[in-house]
Amino acid sequence: MIFLRKKISILFLLSFAACTGRKGEELQTIDNLQPANTLLKVEVLVSGMDVPWDLHYGSDDHLWVTEQGGNVWRIHPATGERKQVLYIRDVWRQRTTGLLGITLHPNFAHNPFVFLNYTLMRDSRIFSRLERYRFQNDTLVEPATMLEIGGNTGHNGSRITVSPDGKIMWATGDAHGVMSAQEDTCLNGKILRLDMDGNIPADNPDPKSYVWAKGFRNIQGLTYSDKGILYTSEHGDAIEDEINLIVKGANYGWPVVEGFHNLEKEQVFAAAGSSLEPLHAWTPVVAPSGMTFYNHPAIPEWTNSLLLGTLKTQSLRVLQLNDAGTAIVKEEVFFADRYGRIRDVCSGKDGAVYVSTSNRDWNPGTGFPKQGDDRILKITPAGKAIYTVLKSSSAGAVIKLNGQELYQQYCASCHKPEGTGVKGIFPALKNSAIVNGSAHHLIELLLKGKKGKDGSAMPAFSFLKDEEMTAVINYIRSSWGNKATAVSKKTITQTRR
Ligand code: HEC
């Protein structure tokens with residue numbers, strides 16, 4: 001009898017673990033927030049998880065979530081009802097190792113494939129494995145290893161996504177290898193590109209190599225925009241966390257380059273190869289994590305933005321892109337220190353935003369984990385506020401503009417958007433001998449300004465950062481028919497001295 005009861009309770013526990021949720025009940029609203037105009041609410045979709053590392057909204061209209069310890073969950077995005085669809089026994093979880101990235105085949109109804117990435121230990125060696133499963137009868141079956149690379153106790157990446165042309169993009173960490181990120185034959189510190197069966201696509205930069213781009217330390221966010229541009233977020237060392245725009249075959253410089261090319265050794269390295277600068281860099285660091293491109297009218301203020309979760313600064317950041325997607329023009333910070341560390345963010349078909357906390361990981365903030373951690377929070381438009389409305393903590397901060405935007409902001413009021421100037425007052429920059437002439441002379445003019453006729457003056461622009469000065473000068477030297485050679489940031493730095 002006792003034996004039987006034990007058995008029943010074990011069975012009960014098992015079925016409870018395999019399927020939990022609050023069918024029929026409403027989600028609990030815990031906050032209201034408001035970007036410029038749209039009132040939003042934050043609801044608890046799921047609580048009691050253990051480091052939900054990666055959130056993926058599938059074409060089956062469910063939220064797919066990995067827990068660092070090895071569980072995979074399929075969650076109903078309206079009710080929070082969840083089913084455990086897999087537990088991977090050989091996941092090796094330590095500080096930042098474990099079950100990490102997840103993504104689904106974009107046409108899941110016809111190709112029910114799920115791609116996962118996790119750390120494992122074999123013969124006391126550590127590996128990162130990319131594995132494909134098939135979803136069948138509410139479980140993941142038929143594991144097939146696509147690729148296995150060297151791992152370490154940290155710096156294992158890893159996020160996975162599917163490119164618009166149907167290839168698997170896998171962002172690996174440098175696994176603490178000193179020069180791994182620069183070595184073409186090593187698959188660490190890279191973005192790898194594979195077809196859905198694990199083969200090397202013929203149109204990779206080198207048709208014999210998985211490598212798509214190199215020079216990364218430890219990528220934590222990976223997302224495509226609706227224009228098909230690939231962006232990453234990455235942990236810097238003590239300085240220079242980065243957001244990068246990924247170009248086929250490019251080198252992002254780690255470990256020689258950190259952040260922008262502002263040191264001499266970085267400029268020498270960049271001049272010798274094809275090293276690209278980030279779109280944005282943070283010093284002091286914020287510890288950027290999961291990132292998703294958002295472009296849904298549900299939250300108009302967030303359209304054409306990268307939504308980024310951060311661990312150290314415990315925030316959701318909205319990085320507004322310019323129209324071309326080539327620059328970050330504004331950064332807003334929400335929830336700073338409110339819910340603890342934020343591990344990942346994704347958005348659903350209806351524009352709802354989902355965020356996961358990471359307060360049961362190796363490095364929780366003071367006072368965390370709290371009851372209910374870890375949680376998946378859901379952010380959607382709200383009818384009316386029931387709490388004091390949260391605002392972003394640094395709304396409107398302009399962090400970096402491209403040359404054209406800088407010109408429109410600082411120069412166009414006098415020299416006019418088309419560079420035509422105002423006759424007799426503000427000289428035209430189109431066909432200007434000064435614009436097209438000596439770079440040194442032009443930089444001096446911008447740094448010092450100049451008194452014009454009738455009391456009009458060209459203001460001094462020495463407050464512009466070197467990279468901004470470079471961008472605006474190269475914009476005026478290549479627009480409206482001007483065809484002068486580009487000026488390097490180094491020349492500007494030297495002229496300033
Ligand atoms: C408040 C008005 C004003 C603004 C804003 C302004 N300028 Fe000027 N700029 C002038 C005036 C006035 C002159 C003519 C000075 C002189 O007499 O030499 C001038 C001259 C110049 C010239 C020399 C052109 C030539 O052919 O003589 C350049 C180049 C130039 N500006 C670039 C810029 C750039 C780039 C910006 C933005 C970063 C800018 N200016 C912003 C007023 C302005």
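Residue indices begin at 1 and follow the sequence shown. Every number for a ligand or one of its atoms is a count from 1 in the order of the listing.
The aromatic rings of W64 and F108 stand perpendicular to each other, their planes meeting at an angle above 60°, with 30° marking the opposite boundary. Using bins of under 30°, 30° to 60° and over 60° for the plane-to-plane angle, the ring pair W282/H280 lands in the perpendicular bin. Classification of the Y57-Y354 ring pair by plane angle, with boundaries at 30° and 60°, yields parallel.
Set against the non-hydrogen atoms of I434, the atoms of ligand 1 under 4.0 Å away are 25 (C), 27 (O). Numbered from 1 in the order shown, with element, the atoms of ligand 1 that lie under 4.0 Å from a heavy atom of Y410 read 5 (C), 37 (C), 41 (C). Near F461, meaning under 4.0 Å from any of its heavy atoms, are these atoms of ligand 1: 36 (C), 37 (C), 38 (C), 39 (C), 41 (C). Of all the atoms in ligand 1, the ones that sit under 4.0 Å from a non-hydrogen atom of V435 are 29 (C). Set against the non-hydrogen atoms of L442, the atoms of ligand 1 under 4.0 Å away are 29 (C).
With a heavy-atom cut-off of 4.0 Å, L446 touches ligand 1 through its side chain alone. Only backbone heavy atoms of A457 (N, CA, C or O) come within less than 4.0 Å of ligand 1; its side chain stays farther off.
Comment: D203 does not engage K248 in a salt bridge, judged by the lack of any side-chain N to carboxylate O separation of less than 4.0 angstrom. A salt bridge does not link R217 to E240: none of the charged side-chain nitrogens sits closer than 4.0 Å to a carboxylate oxygen. Using a 4.0 Å cut-off between charged side-chain N and carboxylate O, E467 and K489 make a salt bridge.
The closest side-chain donor-acceptor pair between S356 and D344, if any, does not fall under 3.5 angstrom. Looking only at atom types and distance, the side chain of D466 has a donor-acceptor partner in the side chain of T493 under 3.5 Å away. If you check the side chains of N402 and Q404, you find no donor sitting under 3.5 Å from an acceptor.
Backbone and side-chain nitrogen or oxygen atoms of Y407 are examined, and none is located within less than 3.5 angstrom of a nitrogen or oxygen of ligand 1. Any N or O atom pair closer than 3.5 Å counts here, and S432 shares at least one such pair with ligand 1.
Considering only non-hydrogen atoms, atom 4 (C) of ligand 1 lies nearest to C414 out of C414, A412, C411. Of the listed residues (L429, V422, N431, N436), the one carrying the non-hydrogen atom nearest atom 28 (C) of ligand 1 is L429.
Atom 8 (Fe) of ligand 1 has an N, O or S atom of H415 inside 2.8 Å of it.
Ligand 1 has I425 within reach: a non-hydrogen atom of the residue lies less than 4.0 Å from it.
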